[in-house]
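By convention in this document, chain letters (A, B, ...) are assigned in the order of the sequence lines, proteins followed by strands, and residues within each chain are numbered from 1. All values below come from the heavy atoms of this structure, side chains included, with hydrogens, waters and symmetry mates left out.
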2 protein chains.
Amino acid sequence: MGRWEPDARGRLMAAAIELSLEHGFEQTTVADIAARAGLTERTFYRHYADKREVLFAGPIDLHALLAESIAAQADSTSPIDAVATALDSVSGLMQQNREGSRLRQRVIDANPMLRERELIKLASLGAAMADALRARGVTDPTASLTAEAGIAAFKVGFETWVNDATDAHDLQHHVSECFDRLKAVTAGR
Amino acid sequence: MGRWEPDARGRLMAAAIELSLEHGFEQTTVADIAARAGLTERTFYRHYADKREVLFAGPIDLHALLAESIAAQADSTSPIDAVATALDSVSGLMQQNREGSRLRQRVIDANPMLRERELIKLASLGAAMADALRARGVTDPTASLTAEAGIAAFKVGFETWVNDATDAHDLQHHVSECFDRLKAVTAGR
DNA sequence: GTGGTGATGTCAGTCTGTGACATCACCACC
DNA sequence: GGTGGTGATGTCACAGACTGACATCACCAC
């Protein structure tokens with residue numbers, strides 16, 4: 001793997017996951033990751049802003065996807081349904097790589113610093129959805145609350161999905177079920 | 001401020017907030033903070049696990065407070081109401097220091113790393129509430145979703161509270177209002 | 001084949017965080 | 001009033017995360 005092999009970013013990400021699964025994320029140094037990818041530490045930081053980011057920078061822009069999905073829906077659609085639909089399309093993309101998600105999640109769950117990064121990524125997606133809702137005239141705090149509620153449903157649904165050893169249902173099903181439960185819960189049931 | 005002045009922790013926290021307001025959190029080094037508190041960098045790390053923690057380690061154990069509040073409520077109380085009541089008591093404590101909260105929040109909002117830490121602290125409080133709900137027989141994913149929904153309401157309510165220049169309402173009012181909005185939102189309104 | 005361009009390498013440096021050990025103030029006990 | 005224990009603090013050395021400045025390399029257009 002020489003200096004000019006293609007897809008340096010992808011190699012770095014793969015190396016980071018491999019090494020973290022083997023020895024843990026903390027025990028893996030950036031120099032280790034770069035070396036396995038055939039690169040140097042300095043080059044790692046040209047591709048990723050910091051060590052944790054290598055596990056979170058996916059190929060698709062979920063912010064844009066969510067924003068466009070919400071913007072595209074009929075004006076008559078309620079905010080919560082718009083959010084549910086947007087997250088459903090994201091779920092559709094994610095579940096194409098269930099095993100990859102499981103490996104990645106195993107690394108993240110084992111490290112508090114990575115959990116922090118995961119939470120701010122989710123919060124950032126929530127902020128994008130809240131913006132999209134405001135753009136269609138939903139006022140605050142309703143816009144923020146709807147987005148946050150959606151993120152909560154997605155988070156819990158995703159967790160159930162990666163931990164479900166039976167593979168009985170897909171991510172969309174789990175998230176959709178969480179939306180239903182959330183509606184029941186806030187109704188006092 | 002010599003070596004054995006009392007309340008080293010409090011001095012470090014005050015120094016951190018002061019310096020962060022003056023020059024920004026990033027620009028402030030741990031050595032700077034320790035020096036203003038009349039201590040050394042090494043001693044800072046004996047009181048706080050890392051640089052960010054100095055802004056988040058409060059004197060009261062909110063986890064225990066939330067757990068006890070939820071456990072103390074009547075069995076007939078619905079999960080969402082139990083969570084709302086628990087967060088109401090936390091709000092009661094917080095609003096005794098509105099100006100302090102505003103200064104602290106100004107520092108946090110200006111720094112993404114601090115926002116990360118804030119989110120994991122909130123998530124941790126949510127996990128404590130979910131545990132308390134499970135202890136009273138609420139099953140998953142309802143327990144997790146209820147706790148997450150409560151955190152969402154608290155988060156948005158808190159934000160409104162610190163940014164409300166009129167001081168017209170207290171934190172409890174804002175959070176309670178967010179719970180009501182949340183119920184309306186998930187009902188499709 | 002020449003020059004420009006973007007990706008990579010090299011090097012030096014700051015800051016965060018930690019282990020090991022020394023020092024200091026205070027307190028209990030004789 | 002000395003003496004030893006205890007906990008908080010200081011000192012030192014060091015690994016690892018990041019960054020700025022500059023050099024080098026592969027490739028492509030002309």
Rounded interatomic separation in angstrom, taking CG from A:Leu12 and P from D:dA17
14 Å
Watson-Crick or G-U wobble partner for D:dG1, using a 3.5 Å limit on both distances?
C:dC30
Paired to C:dT8 by Watson-Crick or G-U wobble criteria (both distances under 3.5 Å) is D:dA23
B:His47 NE2 to D:dG10 C1', straight-line distance once rounded to whole Å
12 Å
Ignoring hydrogens and angles, are the base of D:dG10 and the side chain of B:Arg46 linked by a donor-acceptor pair under 3.5 Å?
yes
Sequence neighbours excluded and cut-off under 3.5 Å, please list the side-chain donor-acceptor pairs for residues 179-189 of chain A, or say none.
residue, atom, partner, partner atom, Å
A:Arg181, NH1, B:Thr142, OG1, 3.4
A:Thr186, OG1, A:Leu182, O, 3.0
A:Thr186, OG1, A:Lys183, O, 3.2
A:Thr186, OG1, B:Thr186, OG1, 2.5

Pair A:Asp32-A:Thr29, side-chain donor/acceptor within less than 3.5 Å:
yes
Sole candidate of A:Lys121, A:Arg52, A:Arg115 that passes side chain to side chain donor-acceptor pair (under 3.5 Å) when paired with B:Glu116
A:Arg52
Could you tell me whether the phosphate oxygens of C:dG9, OP1 or OP2, come under 4.0 Å of any side-chain nitrogen or oxygen in A:Thr40?
yes
What is the distance, to the nearest angstrom, from the CZ atom on A:Arg11 to the P atom on C:dA7?
14 Å
Report yes or no: do A:Arg106 and A:Ser20 form a side-chain donor-acceptor pair below 3.5 Å?
no
Taking atom types as modelled, is there a side-chain donor on B:Thr160 or B:Asp164 under 3.5 Å from an acceptor on the other?
no
Report each atom pair, protein N/O against N/O of nucleotides 14-18 of chain C, whose distance is under 3.5 angstrom.
residue, atom, partner, partner atom, Å
C:dT16, OP1, B:Val30, N, 3.4
C:dT16, OP1, B:Lys51, NZ, 3.2
C:dT16, OP2, B:Val30, N, 3.4
C:dG17, OP2, B:Tyr45, OH, 3.1
C:dG17, OP2, B:Lys51, N, 2.7

Treat each ILVMFWY residue as a node, draw an edge where side-chain heavy atoms are under 4.5 Å apart, and state whether A:Val162 and A:Val156 are in one component.
no
